[in-house]
Chemist: 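The structure's right below; bear with me while I get my questions together.
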Amino acid sequence: MLTRLVYHSENHLGAADGKMIAGLNAIMDASNRNNQRDGITGALLFDTLWFVQILEGERDAVSAALRRIMSDDRHDAVTIMDARPASERLFGNWWMGLALLRDEHKTVLARHGLAKLDPRKMPGEQAIALALELAQSGLNRRLTPTAA
Ligand code: FAD
(Lines give C-alpha, C1' and ligand atoms only; values in the text may rest on other atoms or scores of the structure.)
Protein backbone atom coordinates (compact mmCIF):
# COMPACT_ATOMS: atom_id res chain seq x y z
CA MET A 1 0.00 0.00 0.00
CA LEU A 2 1.46 3.32 -1.09
CA THR A 3 1.68 5.61 1.95
CA ARG A 4 2.59 9.27 2.41
CA LEU A 5 3.96 10.39 5.78
CA VAL A 6 4.82 13.94 6.90
CA TYR A 7 6.75 14.80 10.05
CA HIS A 8 8.63 17.72 11.55
CA SER A 9 11.67 17.71 13.81
CA GLU A 10 14.16 20.08 15.44
CA ASN A 11 17.57 20.62 13.89
CA HIS A 12 20.57 19.42 15.91
CA LEU A 13 23.12 20.02 13.15
CA GLY A 14 23.83 23.49 14.50
CA ALA A 15 23.55 26.72 12.55
CA ALA A 16 27.16 27.27 11.46
CA ASP A 17 27.08 27.19 7.67
CA GLY A 18 29.96 24.80 6.91
CA LYS A 19 29.06 22.21 9.54
CA MET A 20 25.37 22.47 8.74
CA ILE A 21 25.88 21.96 5.01
CA ALA A 22 28.25 19.04 5.56
CA GLY A 23 25.64 17.51 7.87
CA LEU A 24 22.84 18.08 5.36
CA ASN A 25 24.89 16.55 2.58
CA ALA A 26 25.63 13.43 4.66
CA ILE A 27 21.88 13.10 5.29
CA MET A 28 21.09 13.63 1.62
CA ASP A 29 23.70 11.09 0.48
CA ALA A 30 22.32 8.40 2.81
CA SER A 31 18.72 9.35 1.92
CA ASN A 32 19.24 9.16 -1.84
CA ARG A 33 21.13 5.87 -1.57
CA ASN A 34 18.69 4.18 0.81
CA ASN A 35 15.49 5.60 -0.65
CA GLN A 36 16.38 4.44 -4.16
CA ARG A 37 17.01 0.96 -2.71
CA ASP A 38 13.73 1.07 -0.77
CA GLY A 39 11.47 2.74 -3.35
CA ILE A 40 10.92 5.85 -1.23
CA THR A 41 10.48 9.32 -2.73
CA GLY A 42 9.95 12.65 -1.02
CA ALA A 43 11.10 16.08 0.01
CA LEU A 44 12.99 17.55 2.95
CA LEU A 45 12.42 21.20 3.90
CA PHE A 46 14.96 22.83 6.19
CA ASP A 47 15.20 26.36 7.61
CA THR A 48 18.03 25.92 10.19
CA LEU A 49 15.54 25.46 13.07
CA TRP A 50 13.19 22.86 11.64
CA PHE A 51 13.11 19.88 9.35
CA VAL A 52 9.87 18.98 7.60
CA GLN A 53 10.03 15.76 5.62
CA ILE A 54 7.60 14.00 3.32
CA LEU A 55 8.22 10.30 2.73
CA GLU A 56 6.19 8.30 0.22
CA GLY A 57 6.50 4.62 -0.57
CA GLU A 58 5.24 1.21 0.48
CA ARG A 59 4.08 1.34 4.10
CA ASP A 60 6.68 -1.16 5.38
CA ALA A 61 9.51 0.73 3.67
CA VAL A 62 8.34 4.11 5.00
CA SER A 63 8.02 2.65 8.51
CA ALA A 64 11.54 1.19 8.38
CA ALA A 65 12.97 4.53 7.18
CA LEU A 66 11.07 6.36 9.91
CA ARG A 67 12.49 4.05 12.59
CA ARG A 68 16.05 4.85 11.42
CA ILE A 69 15.28 8.56 11.12
CA MET A 70 13.72 8.75 14.60
CA SER A 71 16.86 7.36 16.24
CA ASP A 72 19.15 9.84 14.44
CA ASP A 73 20.71 12.35 16.83
CA ARG A 74 21.16 14.97 14.09
CA HIS A 75 17.62 16.03 14.94
CA ASP A 76 15.14 15.59 17.77
CA ALA A 77 11.46 15.76 18.68
CA VAL A 78 10.23 13.96 15.57
CA THR A 79 6.49 14.70 15.38
CA ILE A 80 4.14 13.07 12.88
CA MET A 81 2.02 15.64 11.05
CA ASP A 82 0.15 13.28 8.74
CA ALA A 83 0.26 9.66 7.53
CA ARG A 84 -2.27 8.14 5.14
CA PRO A 85 -2.64 5.89 2.11
CA ALA A 86 -1.84 7.64 -1.17
CA SER A 87 -3.17 6.91 -4.65
CA GLU A 88 -0.07 8.30 -6.39
CA ARG A 89 3.37 9.71 -5.70
CA LEU A 90 3.62 13.51 -5.60
CA PHE A 91 7.44 13.59 -5.46
CA GLY A 92 8.15 10.79 -7.92
CA ASN A 93 11.14 12.65 -9.41
CA TRP A 94 12.98 12.79 -6.09
CA TRP A 95 14.44 9.94 -4.02
CA MET A 96 14.79 12.88 -1.61
CA GLY A 97 14.77 16.51 -2.71
CA LEU A 98 16.05 19.18 -0.34
CA ALA A 99 14.76 22.76 -0.05
CA LEU A 100 16.87 25.03 2.13
CA LEU A 101 14.51 27.85 3.08
CA ARG A 102 16.10 31.28 3.04
CA ASP A 103 14.88 34.90 2.92
CA GLU A 104 14.27 34.56 -0.81
CA HIS A 105 11.47 32.08 -0.04
CA LYS A 106 9.45 34.58 2.01
CA THR A 107 7.01 35.24 -0.85
CA VAL A 108 6.46 31.50 -1.36
CA LEU A 109 5.83 31.05 2.37
CA ALA A 110 3.44 34.03 2.34
CA ARG A 111 1.44 32.40 -0.47
CA HIS A 112 0.90 29.52 1.96
CA GLY A 113 -0.13 31.87 4.77
CA LEU A 114 3.19 31.60 6.60
CA ALA A 115 5.52 34.36 7.82
CA LYS A 116 8.17 31.69 8.44
CA LEU A 117 8.40 27.93 8.62
CA ASP A 118 6.85 26.90 11.93
CA PRO A 119 5.67 23.34 11.37
CA ARG A 120 4.11 23.11 14.84
CA LYS A 121 1.24 25.17 13.43
CA MET A 122 0.99 23.52 10.03
CA PRO A 123 -1.37 20.74 8.96
CA GLY A 124 0.38 18.05 6.93
CA GLU A 125 -1.53 19.08 3.78
CA GLN A 126 -0.08 22.58 4.04
CA ALA A 127 3.45 21.20 4.29
CA ILE A 128 2.84 19.04 1.21
CA ALA A 129 1.44 22.00 -0.77
CA LEU A 130 4.46 24.13 0.20
CA ALA A 131 6.89 21.36 -0.76
CA LEU A 132 5.15 20.88 -4.10
CA GLU A 133 5.47 24.57 -4.92
CA LEU A 134 9.15 24.55 -3.94
CA ALA A 135 9.66 21.43 -6.06
CA GLN A 136 8.31 23.26 -9.14
CA SER A 137 11.35 25.54 -9.10
CA GLY A 138 13.65 22.63 -8.27
CA LEU A 139 14.88 20.86 -5.17
CA ASN A 140 18.51 20.03 -4.35
CA ARG A 141 20.13 16.61 -4.22
CA ARG A 142 22.97 18.10 -2.18
CA LEU A 143 24.37 21.57 -1.44
CA THR A 144 27.66 23.36 -1.96
CA PRO A 145 28.64 26.19 0.43
CA THR A 146 28.53 28.72 -2.43
CA ALA A 147 25.08 27.59 -3.62
CA ALA A 148 23.57 27.67 -0.14
P1 FAD B 1 25.34 5.11 7.03
O2 FAD B 1 25.73 4.91 5.61
O3 FAD B 1 26.03 4.33 8.07
O4 FAD B 1 25.43 6.68 7.36
C5 FAD B 1 25.14 7.66 6.39
C6 FAD B 1 25.96 8.90 6.68
O7 FAD B 1 25.41 9.59 7.81
C8 FAD B 1 27.41 8.65 7.03
O9 FAD B 1 28.17 9.72 6.55
C10 FAD B 1 27.39 8.63 8.57
O11 FAD B 1 28.63 9.00 9.10
C12 FAD B 1 26.35 9.69 8.85
N13 FAD B 1 25.62 9.45 10.08
C14 FAD B 1 24.77 8.45 10.33
N15 FAD B 1 24.21 8.60 11.52
C16 FAD B 1 24.72 9.75 12.05
C17 FAD B 1 24.50 10.45 13.24
N18 FAD B 1 23.63 9.98 14.15
N19 FAD B 1 25.18 11.59 13.45
C20 FAD B 1 26.06 12.06 12.54
N21 FAD B 1 26.28 11.44 11.36
C22 FAD B 1 25.62 10.30 11.13
N23 FAD B 1 17.73 8.16 5.81
C24 FAD B 1 17.11 7.54 4.80
O25 FAD B 1 17.44 6.40 4.48
N26 FAD B 1 16.10 8.16 4.11
C27 FAD B 1 15.68 9.41 4.40
O28 FAD B 1 14.78 9.94 3.72
C29 FAD B 1 16.31 10.08 5.48
N30 FAD B 1 15.91 11.33 5.85
C31 FAD B 1 16.50 11.91 6.94
C32 FAD B 1 16.04 13.16 7.36
C33 FAD B 1 16.59 13.76 8.48
C34 FAD B 1 16.07 15.10 8.95
C35 FAD B 1 17.64 13.13 9.18
C36 FAD B 1 18.26 13.79 10.38
C37 FAD B 1 18.12 11.90 8.76
C38 FAD B 1 17.56 11.28 7.64
N39 FAD B 1 18.00 10.04 7.19
C40 FAD B 1 17.37 9.42 6.16
C41 FAD B 1 19.19 9.40 7.77
C42 FAD B 1 18.79 8.33 8.76
O43 FAD B 1 18.48 8.90 9.99
C44 FAD B 1 19.95 7.34 8.94
O45 FAD B 1 21.14 8.01 9.34
C46 FAD B 1 20.24 6.60 7.65
O47 FAD B 1 19.05 6.08 7.10
C48 FAD B 1 21.22 5.47 7.94
O49 FAD B 1 21.54 4.94 6.71
P50 FAD B 1 22.76 3.97 6.57
O51 FAD B 1 22.52 2.78 7.43
O52 FAD B 1 23.00 3.76 5.11
O53 FAD B 1 23.83 4.89 7.25
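Residues: numbered from 1 along the sequence shown. In each ligand, atom 1 is the first atom listed, and ligand 1 is the first ligand listed.
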Chemist: With a cut-off of 3.5 Å and sequence neighbours excluded, list every side-chain donor-acceptor pair involving residues 57-67.
Modeler:
from	atom 1	to	atom 2	distance (Å)
Glu58	OE1	Met1	N	2.6
Ser63	OG	Arg59	O	3.0

Chemist: Does Glu56 use its side chain to pair, donor to acceptor, with the backbone of Ala86 at less than 3.5 Å?
Modeler: no
Chemist: Is at least one protein non-hydrogen atom found at under 4.0 angstrom from atom 11 (O) of ligand 1?
Modeler: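 Given the 4.0 Å limit, the answer for atom 11 (O) of ligand 1 is no, no protein heavy atom qualifies.
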Chemist: Under a 4.0 Å heavy-atom limit, does Ile40 contact ligand 1 with its side chain, its backbone, both, or neither?
Modeler: neither
Chemist: Please give me the minimum heavy-atom distance between Met122 and Met81, naming the atom from each residue.
Modeler: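 It is O-CE, 3.3 Å.
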Chemist: Cut-off 3.5 Å, no hydrogens considered: what does the side-chain donor-acceptor table look like for residues 42-52, sequence neighbours left out?
Modeler:
from	atom 1	to	atom 2	distance (Å)
Asp47	OD1	Leu49	N	3.0
Asp47	OD1	Trp50	N	2.8

Chemist: Would His75 and Glu10 count as having a side-chain donor-acceptor pair, cut-off 3.5 Å?
Modeler: no
Chemist: Whether the side chain of Arg4 engages the backbone of Glu88 through a donor-acceptor N/O pair (distance < 3.5 Å, no angle test) should be reported.
Modeler: yes
Chemist: Which heavy-atom pair separates Leu132 from Leu90 by the least distance, and what is that distance?
Modeler: CD2-O, 3.7 Å
Chemist: Please list the nearest protein heavy atom to atom 9 (O) of ligand 1 with its residue and the distance rounded to 0.1 Å.
Modeler: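 Closest protein heavy atom to atom 9 (O) of ligand 1: Ala26 CB, 4.1 Å.
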Chemist: Just go through Arg33, His12, Met96, Gln53 and tell me whose heavy atom is the nearest to atom 30 (N) of ligand 1.
Modeler: Gln53
Chemist: In terms of atom number and element, which parts of ligand 1 are under 4.0 angstrom from non-hydrogen atoms of Tyr7?
Modeler: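 Counting atoms of ligand 1 from 1, those under 4.0 Å from Tyr7 are 32 (C), 33 (C), 34 (C).
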Chemist: Counting heavy atoms only, which of Ile27, Asp73, Asn11, Asn34 is nearest atom 18 (N) of ligand 1?
Modeler: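 Minimum heavy-atom distance to atom 18 (N) of ligand 1 goes to Asp73.
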Chemist: Might you check, step by step, whether the distance between atom 3 (O) of ligand 1 and some protein heavy atom is under 4.0 Å?
Modeler: no
Chemist: Counting neighbours of CZ on Arg84 that are heavy atoms of other residues, nucleotides or ligands and sit closer than 6.0 Å, is the number greater than 12?
Modeler: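 No, not enclosed.
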Chemist: Looking at atom 27 (C) of ligand 1, would you say a protein heavy atom lies below 4.0 Å from it?
Modeler: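 Given the 4.0 Å cut-off, atom 27 (C) of ligand 1 counts as touching protein heavy atoms.
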Chemist: Show the atoms of ligand 1 that are less than 4.0 angstrom away from any heavy atom in Asn35.
Modeler: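 Heavy-atom distances to Asn35 below 4.0 Å select 24 (C), 25 (O), 26 (N), 27 (C), 28 (O).
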Chemist: Identify which of Arg68, His75, Arg74 has a heavy atom lying nearest to atom 45 (O) of ligand 1.
Modeler: Arg74
Chemist: Is the contact between Ser31 and ligand 1 made by the side chain, the backbone, both, or neither, using heavy atoms and a 4.0 Å cut-off?
Modeler: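 Both of them.
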Chemist: Counting only non-hydrogen atoms of the protein, does one fall under 4.0 Å from atom 7 (O) of ligand 1?
Modeler: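 Under the 4.0 Å cut-off, atom 7 (O) of ligand 1 does have protein heavy-atom neighbours.
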Chemist: Salt-bridge test for Asp29 and Arg142: reply yes if a basic N is under 4.0 Å from a carboxylate O, no otherwise.
Modeler: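 Judged by the 4.0 Å cut-off on N to carboxylate O distance, Asp29 and Arg142 do form a salt bridge.
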Chemist: Run the numbers for me: atoms of ligand 1, each under 4.0 Å from some heavy atom of Leu55, listed by number.
Modeler: 28 (O)
Chemist: With hydrophobic residues grouped by side-chain heavy-atom distances under 4.5 Å, do Ile40 and Leu98 end up in a single group?
Modeler: yes
Chemist: Looking at atom 43 (O) of ligand 1, what's its closest protein heavy atom, distance included?
Modeler: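 Going by distance alone, atom 43 (O) of ligand 1 is nearest to Asp72 OD2, 2.6 Å.
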Chemist: Nearest protein heavy-atom contact for atom 39 (N) of ligand 1: which residue, which atom, what distance?
Modeler: Ile69 CG1, 3.8 Å
Chemist: Note the single closest protein heavy atom to atom 5 (C) of ligand 1, along with its residue, its atom name and the distance in Å.
Modeler: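 Ranking protein heavy atoms by distance from atom 5 (C) of ligand 1, first comes Ala30 CB, 3.5 Å.
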